[in-house]
Amino acid sequence: MARPTTTSTTVRTTPAARRNALPGRLSPGMACDTAFRIIARRHLDAVLAQHDGTCRGDPDALHQIRIALTHLRTAIRFFSPMVDDALRPNVWAELKWLNGQLGMVRDLDVAIERIVAESGKELAVVAELQHWDEKRTESHRLLARALQSARYRRLVEQTSIWIESGPWSTRRSKEAMRLRRCTLAEHATERLAEWETTLLKKARKLRKLDVEKRHKLRILNKRLTYSIESLQDLFAEESLTKQKSILKKLRKAQRSLGRLNDDARGHALAASLNGAGLEASNRFRNRKREKKLLRTASTAYRKLDKTKPFHSSDLAPSSEPEV
């Protein structure tokens with residue numbers, strides 16, 4: 001199916017606050033304020049890299065920009081309370097707004113792909129998909145407008161400046177200074193253990209969770225996965241096997257929970273097409289498929305629960321703190 005094409009201009013933001021060069025890689029002894037800037041920069045740059053493709057209607061670019069945006073939001077959570085200053089709520093609200101703009105079109109892309117994959121070229125399905133494509137075209141038009149808006153440009157500039165030199169970076173209280181100077185290895189070890197404990201505790205009740213709570217579990221899973229991925233530089237060679245094993249289990253659970261969420265979103269979208277998607281909505285309801293996906297996720301979590309959590313030694317914390 002053809003996708004709409006929209007002319008766009010790449011948003012390029014180079015605030016003065018970015019003039020300071022940062023190391024190219026993370027290191028265990030690095031101070032948390034430096035580490036946050038490196039990680040957040042990477043993900044904000046990844047968002048910008050997919051801007052034009054998303055404006056043109058490229059589904060892959062849309063998928064990648066959402067991943068980059070989620071990575072960025074995860075980084076902000078990962079380094080709280082260090083970055084929880086007076087500006088953070090506004091930065092967070094604007095990033096949440098952008099995620100919402102991207103979400104509708106992405107949900108439609110996934111639903112359309114599912115219908116096409118499972119139904120082939122049946123004439124009835126082709127006619128039915130016209131309604132979906134019309135919805136997708138309209139949603140993309142609104143998304144492209146948002147991505148080319150003054151609000152989006154302000155979001156990029158303000159987020160970039162906040163990452164580099166927000167109030168969080170200059171607070172003089174002893175606690176604020178301690179949080180900034182804390183080594184990345186120390187903070188990461190504590191945070192990963194905390195998030196993994198929370199995830200596994202909730203995952204034990206997976207089969208009893210309703211759609212909304214299952215979606216929240218998926219978010220916790222994604223948060224831990226993306227944090228481990230962002231810390232790739234830190235893992236000593238002997239720890240890579242453990243890191244890859246944990247990521248494999250998390251990603252397996254993530255795929256299953258993601259498909260369950262796609263089913264729920266697809267069903268809701270079909271129901272919203274004023275009856276035009278009623279036939280398609282039944283394709284997103286499959287009890288057998290749901291049981292299989294829940295079983296796969298539950299198995300992945302049981303195996304993860306048996307894996308030893310990350311320790312400081314996994315991040316080679318013997319390095320001296322970097323100034």
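FYI, side chains are in, hydrogens and waters are out, and symmetry mates aren't considered; it's all heavy atoms of this structure.
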Task: Considering all heavy atoms, the nearest Ala35-Leu184 contact - done: CB-CD2, 3.7 Å

Task: Any donor-acceptor N or O pair under 3.5 Å, side chains Ser245, Lys249 - done: yes

Task: Exercise: do Arg302 and Thr299 side chains pair donor with acceptor under 3.5 Å - done: yes

TODO: Tell me, please, whether Trp97 has Arg151 positioned over its six-membered ring: NZ or CZ under 6.0 Å from the ring centre and within 45 degrees of its axis?
DONE: yes

Open item on the list: Test your reading of the model: is there a side-chain donor-acceptor pair from Thr34 to the backbone of Met30, 3.5 Å cut-off?
Closed with: no

Task: Ala146 versus Tyr152, closest heavy-atom pair with distance - done: O-CB, 3.3 Å

Task: Salt bridge Asp109-Arg136, side-chain N to carboxylate O under 4.0 Å - done: yes

Open item on the list: Name the residue from Met82, His187, Lys174 that meets the side-chain contact (heavy atoms from CB on, under 4.5 Å) definition with Leu179.
Closed with: Met82

Open item on the list: Show the nearest heavy-atom pair for residues Leu231 and Phe78, with the distance to one decimal.
Closed with: CD1-CZ, 3.9 Å

Task: NZ/NE/NH1/NH2 to OD/OE distance under 4.0 Å, Arg141 and Glu138 - done: yes

Open item on the list: Would you say Thr74 and His43 are linked by a side-chain donor-acceptor pair, where the criterion is simply a distance under 3.5 Å?
Closed with: no

- [ ] Measure the shortest side-chain to side-chain distance between Lys244 and Leu247 over non-hydrogen atoms and say whether it is less than 4.5 angstrom.
- [x] no

Open item on the list: With salt bridge (Lys or Arg N to Asp or Glu O under 4.0 Å) as the rule and sequence neighbours excluded, what pairs involving residues 196-205 come up?
Closed with: Arg204-Asp305

Open item on the list: Taking the basic N atoms (NZ, or NE/NH1/NH2) and the acidic carboxylate oxygens, is any pair closer than 4.0 Å for Glu290 and Arg287?
Closed with: yes

Open item on the list: Counting C-beta onward and ignoring hydrogens, is there a side-chain heavy-atom pair between Arg73 and Lys96 closer than 4.5 Å?
Closed with: yes

Open item on the list: Within the supplied structure, the quantity of interest is the number of heavy atoms (other residues, nucleotides, ligands) at a distance under 6.0 Å from Glu175 CD; does it exceed 12?
Closed with: yes

Open item on the list: Looking at Asp233 and Arg42, is any side-chain nitrogen of the basic one under 4.0 Å from a carboxylate oxygen of the acidic one?
Closed with: yes

TODO: Evaluate the side-chain proximity of His51 to Val47: yes if any heavy-atom separation is below 4.5 Å, no if none is.
DONE: no

TODO: Using modelled atom types only, decide if a donor and an acceptor are shared between the side chain of Ser80 and the backbone of Arg77 within a distance under 3.5 Å.
DONE: yes

- [ ] Side-chain contact test, heavy atoms from C-beta onward, threshold under 4.5 Å: evaluate it for Met177 versus Arg171 and give yes or no.
- [x] no

Task: Lys/Arg-Asp/Glu bridge criterion (N-O < 4.0 Å) met for Arg181, Asp33 - done: no

- [ ] Mind checking the CG-NE2 spacing from Leu209 to His215? Nearest 0.5 Å is all I need.
- [x] 13.0 Å

Open item on the list: Counting the benzene-type ring for Trp, do Phe79 and Trp168 have ring centres under 6.0 Å apart?
Closed with: no

Task: Which atom of Leu87 lies closest to which atom of Pro167, heavy atoms considered - done: CD1-CD, 3.5 Å

- [ ] Using only heavy-atom distances, determine whether the side chains of Ser139 and Arg106 contain a donor-acceptor pair under 3.5 Å.
- [x] no

- [ ] Take atom CD of Glu194 as the centre, draw a 6.0 Å sphere, and report whether it contains more than 12 heavy atoms from other residues, nucleotides or ligands.
- [x] yes

Task: Asn261 CG to Asp107 CG distance, which is reported to the nearest 0.5 Å - done: 7.5 Å

- [ ] Might you point out which heavy atoms bring Leu234 and Pro28 nearest each other, and give the distance in Å?
- [x] CD2-N, 3.4 Å

Task: CH2 on Trp195 to CG on Asn221, rounded to 0.5 Å - done: 12.0 Å

Open item on the list: Once you measure the plane-to-plane angle for Tyr226 and His71, does it fall in the parallel (<30°), tilted (30-60°) or perpendicular (>60°) bin?
Closed with: parallel

Open item on the list: Within 45 degrees of the ring normal and closer than 6.0 Å to the centroid, is that where the cationic atom of Arg88 sits relative to Trp162?
Closed with: no

TODO: Kindly indicate whether the side chain of Val91, heavy atoms from C-beta on, has any atom under 4.5 Å from the side chain of Gln158.
DONE: no

Open item on the list: Taking Val156's backbone N and O only, do any of them form a donor-acceptor pair with Thr159's side chain (distance below 3.5 Å, no angle check)?
Closed with: no

Open item on the list: When you compare the side chain of Trp132 with that of Leu108, does any pair of heavy atoms fall below 4.5 Å?
Closed with: yes

